[in-house]
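Following: one structure in C-alpha cells, then a few remarks.
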Amino acid sequence: LRDSLFCMRRLDQVLSSLGYCSRREAVLFVKNGRVKQNGLVLTKADQKVDPHAVTVDDEPLEAPDGLLAMLHKPVGYVCTHDGNEGPTIYELLPDQWLRRNPAVTSVGRLDKDTSGLLLVTDIGPLVHRHTSPKAEIEKTYLAEVDRDLEASLVEIFAKGDLMLRNEEKPCLPAKLEIIAPRTARLTITEGRYHQVRRMFASQGWHVETLHRERFGPYVLGDLAEGEWQMLSLEQVVS
Ligand code: URA
C-alpha cells in the first residue's frame with residue numbers, strides 16, 4: 001500500500017510528462033472519456049492516480065517508470081538534436097517519446113558514419129551510469145578496413161599502452177578478433193571521441209565501415225536498420 005501511495009501523481013502531470021498531451025489538453029482527454037484507472041473512467045484531470053493502473057484509449061501508459069530502448073542507427077544519421085548536420089536519430093523515434101519530460105536522449109553517441117546499436121532513454125542517471133568511464137561497459141564493433149589486417153594488432157590493442165594523438169592516457173586494453181582479412185571485431189570499454197577509428201588510424205589502417213553490435217548486455221540481434229525495440233528496465237545494468 002505504501003508503494004502505491006508513493007506512486008500517486010496528478011493525472012494531468014502524468015499524461016504530460018509521458019508525452020501524451022499538454023496539461024491543458026489532459027482536461028479534454030478526460031472529458032472525452034479516454035482515460036481510465038482500473039477500468040473506471042476518470043472524471044478529473046487534477047486527481048491523483050497510480051500511473052500503473054491508468055489507461056488511455058484502453059492502452060496502459062507507455063513506460064511510466066522511465067523509458068529504455070535500443071535503436072539500430074543507420075549510417076547518415078546524427079545523434080544531436082540539431083538538424084543542420086543531416087537527419088537525426090530522433091526522427092526515427094516516436095514523437096511521443098520526444099514530448100516526454102525529461103525527453104528521450106541517446107546514451108552516448110555514434111558517429112554519423114557509424115551504424116548499429118544505440119540506447120535511448122529518458123532516465124538521466126542511467127545515461128550517466130552507461131557513459132561514465134568508470135563503468136567500463138563493453139562495446140563491440142565490427143570494423144572493415146582498407147587493407148589486410150595483421151595479427152600483431154591483437155597484442156597492440158590488448159596491451160593497454162596504445163596512445164592516441166593529443167591524449168594523455170593510453171587506451172584501456174581492447175580485444176581484437178580478426179574474422180576476415182579486412183574485417184575485425186573490436187571490444188572496448190571506453191567511449192573516447194572516434195575511438196575505434198582513431199585506434200586503427202594510430203596503426204596505419206583506415207576504417208571504412210563501422211557498426212556497433214553490442215553495448216554491455218544488449219545486442220542488436222535481428223533488429224532492422226532504423227527500427228527501435230523497447231527494453232525492460234529489469235535488465236538494466238547496475
Ligand atoms: N568509435 C568510433 O570511431 N566511432 C563511433 O561511432 C564509435 C566508436
Side-chain angles (χ1 to χ4, degrees), residues 69-93 104-121 126-147 149 153-154 156-180 182-221 223-228 237:
M70 66 176 174
L71 171 71
H72 184 160
K73 177 195 171 298
V75 164
Y77 284 75
V78 291
C79 294
T80 58
H81 283 279
D82 178 2
N84 291 332
E85 296 167 43
T88 80
I89 55 150
Y90 297 101
E91 294 168 31
L92 301 168
L93 304 176
V104 164
T105 123
S106 67
V107 176
R109 290 181 179 182
L110 289 175
D111 302 339
K112 186 173 183 179
D113 294 336
T114 302
S115 60
L117 198 166
L118 189 67
L119 292 182
V120 294
T121 186
L126 207 143
V127 175
H128 180 73
R129 226 187 301 147
H130 284 80
T131 51
S132 141
K134 284 203 196 109
E136 294 194 11
I137 291 181
E138 289 192 344
K139 283 141 282 203
T140 301
Y141 296 86
L142 202 59
E144 276 176 7
V145 293
D146 60 338
R147 62 188 177 88
L149 292 154
L153 278 178
V154 174
I156 293 171
F157 285 176
K159 268 179 86 178
D161 60 5
L162 181 76
M163 291 298 294
L164 298 178
R165 199 181 289 176
N166 298 328
E167 297 220 3
E168 285 170 6
K169 284 196 188 154
C171 293
L172 289 177
K175 188 173 162 224
L176 183 75
E177 254 180 288
I178 298 176
I179 55 180
R182 296 186 182 192
T183 310
R185 191 168 274 132
L186 180 65
T187 300
I188 59 175
T189 58
E190 302 168 282
R192 303 187 195 197
Y193 181 68
H194 290 178
Q195 181 164 346
V196 174
R197 294 176 198 276
R198 289 165 70 213
M199 286 174 71
F200 279 104
S202 74
Q203 304 305 311
W205 274 267
H206 178 72
V207 171
E208 306 215 301
T209 69
L210 189 60
H211 175 80
R212 184 156 71 191
E213 301 178 318
R214 179 167 78 91
F215 187 106
Y218 306 108
V219 288
L220 258 191
L223 184 63
E225 210 175 52
E227 300 286 313
W228 53 264
V237 225

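Just the heavy atoms: all of them, side chains too, but no hydrogens, waters or symmetry mates, feed the values below. Each ligand, and each atom within it, is numbered from 1 in the order the structure gives.
Shown here are the ring-ring contact (aromatic ring centres under 6.0 Å, His included) partners of Trp205, two or more places apart in sequence or in another chain: there are none.
The 4.0 Å heavy-atom shell around ligand 1 contains residues Leu110, Asp111, Thr114, Tyr141, His194, Gln195, Val196, Arg197, Leu210, ordered by chain and number.
His130 NE2 to Ser106 OG: the interatomic distance, rounded to the nearest 0.5 Å, is 12.5 Å. Distance check, rounded to the nearest 0.5 Å: CG of Leu210 to CD of Glu144 gives 10.0 Å.
The side-chain heavy atoms of Ile156 and Ser202, taken from C-beta on, include no pair separated by under 4.5 Å. Side-chain contact between Phe215 and Val107: present, with at least one pair of heavy atoms (C-beta onward) separated by less than 4.5 Å.
Relative ring orientation between Tyr90 and His81 is described as parallel, the plane-to-plane angle staying below 30° on a 0-90° scale split at 30° and 60°.
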